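Below: the structure, in structure tokens.
If you're wondering where the values come from, they're calculated on a predicted model, not measured in any experiment. First the proteins, then the strands, lettered A, B, ... as listed; each starts at 1.
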There are 2 protein chains.
Amino acid sequence: MTTAQEVNEPTSSWDPYTRGCPSRDLLDQIGSKWAVLVLGELGRHGACRFTRLRQQLAGVSEKMLTQTLRTLERDGLLLRTVYPETPIRVEYELTPLGQTLRGPLKALTAWSVEHIEEVLGAREEYDERTGKR
Amino acid sequence: MTTAQEVNEPTSSWDPYTRGCPSRDLLDQIGSKWAVLVLGELGRHGACRFTRLRQQLAGVSEKMLTQTLRTLERDGLLLRTVYPETPIRVEYELTPLGQTLRGPLKALTAWSVEHIEEVLGAREEYDERTGKR
DNA sequence: GTGCGTACTTACCAAAGGAGAGCGACCAGG
DNA sequence: CCTGGTCGCTCTCCTTTGGTAAGTACGCAC
């Protein structure tokens, strides 16, 4: 068995600017559309069921929601608990590791809301400039 | 001219959790793999040429780099300047708006580097748990 | 048995992404 | 004049990913 903790390499060996570095893939994962929204919702609301998440993340397909949840669970960011009641109930919640992502992701989400109008303006200006040529 | 500041809509009308909201698309854009790395590199280094960016972002294809740069330019996050020397020189740098993203993206990148080992450990554990069933 | 609720899972197709060759402008060397 | 080199793209082809929608498994109520 080889756990990550046993590897005593200096942290500087992880660099997302390097091709094939796991930290690049992780960065890609946690920055992906549905992962950001899932983690955000679980951060705001606490434990959530599958159906609630699907409703809150308006527009997500069941396939993508399942896939996103599996990946995040595998990465240790969220915990999946099955309650074998009837009908079955499954709840998702952030792990302590997942909690540490709330801040960074909240900042990113807030940025997109705060600056969307500037960006929309920039797009219009760009399209006018380049459309005329 | 229509600057974003003139639009006095309540900010609450922009919600990335709503289907089709522009802020969701923007969030997706700025969180995408190559955009994060391009903005990060321009933030650390200042103005950069195309070829240097391609080298720094080891593994990016020229097509994706061009595409990412165009999108970011259109969104008003970076400035593209052509110097008609020979051979031609093109430099990219962050706009003031782009600068405001440095913090959030730096936090996200730092998170992925700081926690990659925990995540790798969680993956191993998950694969062991589920592989046996 | 039939139907319902919940949480997936699968099949299919369209869109996005990656690898690599080609392009056009310019100039230097022969 | 022709060849070859540099830079910043651009185009083509093929693989991978994502979206839509239908189907599955489970237990229970009727």
Side-chain angles (χ1 to χ4, degrees), chain A residues 16-21 24-38 41-42 47-74 78-93 126 130 133, chain B residues 16 18-21 24-38 41-42 47-75 78-93 126 130 133:
Chain A
Y17 287 87
T18 303
R19 184 176 198 162
C21 178
R24 175 184 285 186
D25 299 331
L26 179 57
L27 184 55
D28 196 24
Q29 263 303 328
I30 60 178
S32 75
K33 181 166 60 173
W34 300 123
V36 170
L37 296 178
V38 165
E41 178 60 20
L42 291 179
C48 268
R49 303 181 57 175
F50 186 86
T51 306
R52 184 189 150 89
L53 282 171
R54 191 182 47 182
Q55 287 162 357
Q56 293 302 113
L57 279 58
V60 69
S61 69
E62 298 191 338
K63 175 183 145 188
M64 283 314 296
L65 183 53
T66 306
Q67 205 172 98
T68 304
L69 290 168
R70 282 292 118 70
T71 307
L72 294 175
E73 185 196 1
R74 187 169 104 101
L78 57 80
L79 187 68
R80 177 174 182 270
T81 314
V82 181
Y83 298 90
E85 309 168 348
T86 183
I88 194 174
R89 184 161 59 97
V90 180
E91 285 201 341
Y92 298 91
E93 60 190 315
Y126 180 92
T130 57
R133 272 185 263 151
Chain B
T18 303
R19 183 176 200 161
C21 178
R24 174 185 285 187
D25 299 330
L26 179 58
L27 184 55
D28 196 23
Q29 262 304 324
I30 61 178
S32 74
K33 181 167 60 174
W34 300 123
V36 170
L37 296 178
V38 165
E41 177 60 21
L42 291 179
C48 269
R49 301 181 58 175
F50 185 88
T51 306
R52 183 189 151 87
L53 282 171
R54 193 183 42 182
Q55 287 161 357
Q56 294 300 116
L57 278 59
V60 69
S61 70
E62 299 192 336
K63 176 183 145 188
M64 284 314 297
L65 182 53
T66 306
Q67 205 173 98
T68 305
L69 290 168
R70 281 294 118 71
T71 307
L72 293 175
E73 186 196 359
R74 188 169 103 101
D75 285 357
L78 59 79
L79 187 66
R80 179 176 181 269
T81 314
V82 180
Y83 299 90
E85 307 166 349
T86 182
I88 194 174
R89 183 162 60 96
V90 180
E91 286 201 342
Y92 298 90
E93 59 190 317
Y126 179 94
T130 58
R133 275 186 261 152

Expected rows: protein N/O vs nucleotides 6-8 of chain D N/O, under 3.5 Å:
residue: D:dC7; atom: O3'; partner: B:Arg49; partner atom: NH2; Å: 3.3
residue: D:dC7; atom: O3'; partner: B:Ile88; partner atom: O; Å: 3.2
residue: D:dG8; atom: OP1; partner: B:Arg49; partner atom: NE; Å: 3.3
residue: D:dG8; atom: OP1; partner: B:Arg49; partner atom: NH2; Å: 3.2
residue: D:dG8; atom: OP1; partner: B:Val90; partner atom: N; Å: 3.3
residue: D:dG8; atom: OP2; partner: B:Thr51; partner atom: N; Å: 3.3
residue: D:dG8; atom: OP2; partner: B:Thr51; partner atom: OG1; Å: 2.4

Contacts of [X] that satisfy side chain to side chain donor-acceptor pair (under 3.5 Å) - sequence neighbours left out:
{"X": "A:Arg80", "answer": "A:Tyr92"}
{"X": "A:Glu91", "answer": "A:Arg89"}
{"X": "A:Glu41", "answer": "A:Arg44, A:Arg52"}

Legend entry - Residues that A:Val38 engages under side-chain contact (heavy atoms from CB on, under 4.5 Å), provided they are two or more places apart: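 Listed in chain order: A:Leu42, A:Leu57, A:Leu65, A:Thr68, A:Leu69, A:Leu72, A:Leu78.
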Legend entry - Closest heavy-atom pair and its distance - A:Pro16, B:Leu37: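 Nearest pair, atom of A:Pro16 first, then B:Leu37: O-CD1, 3.8 Å.
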Legend entry - A:Leu53 to A:Cys48 - nearest heavy-atom pair and separation: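 Shortest heavy-atom separation between A:Leu53 and A:Cys48 comes out as CG-CB, 3.9 Å.
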Inset, instruction - Hey, could you give me the CH2/CZ distance between A:Trp34 and B:Arg24, rounded to the nearest 0.5 Å? - result: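 Going from the CH2 atom of A:Trp34 to the CZ atom of B:Arg24 covers 4.0 Å.
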Inset, instruction - Calculate, to the nearest 0.5 Å, the distance between atoms CD and OG belonging to A:Gln67 and A:Ser61 respectively. - result: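 Reported to 0.5 Å precision, the distance equals 8.0 Å.
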Legend entry - Bending between helix ends of the helix from C:dG1-D:dC30 to C:dG30-D:dC1 [5 pairs per end, 10° resolution]: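 The end-segment axes of the helix from C:dG1-D:dC30 to C:dG30-D:dC1 are tilted 30° relative to each other.
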I'd like a list of close polar pairs between nucleotides 16-19 of chain C and the protein, N/O only, cut-off under 3.5 Å.
residue: C:dG18; atom: OP1; partner: B:Lys33; partner atom: NZ; Å: 3.2
residue: C:dG18; atom: OP2; partner: B:Trp34; partner atom: NE1; Å: 3.2
residue: C:dG18; atom: N7; partner: B:Lys63; partner atom: NZ; Å: 3.1
residue: C:dG18; atom: O6; partner: B:Lys63; partner atom: NZ; Å: 2.4

Legend entry - Set of salt bridge (Lys or Arg N to Asp or Glu O under 4.0 Å) partners for A:Glu73, sequence neighbours left out: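 Per chain and number, A:Glu73 pairs via salt bridge (Lys or Arg N to Asp or Glu O under 4.0 Å) with A:Arg70.
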Legend entry - Residues that A:Arg49 engages under salt bridge (Lys or Arg N to Asp or Glu O under 4.0 Å), provided they are two or more places apart: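 Counting only residues at least two positions away or on another chain, A:Arg49 forms no salt bridge (Lys or Arg N to Asp or Glu O under 4.0 Å).
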Inset, instruction - Take atom CG of A:Leu65 and atom P of C:dT6, then tell me their distance rounded to the nearest Å. - result: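 It works out to 15 Å between those atoms.
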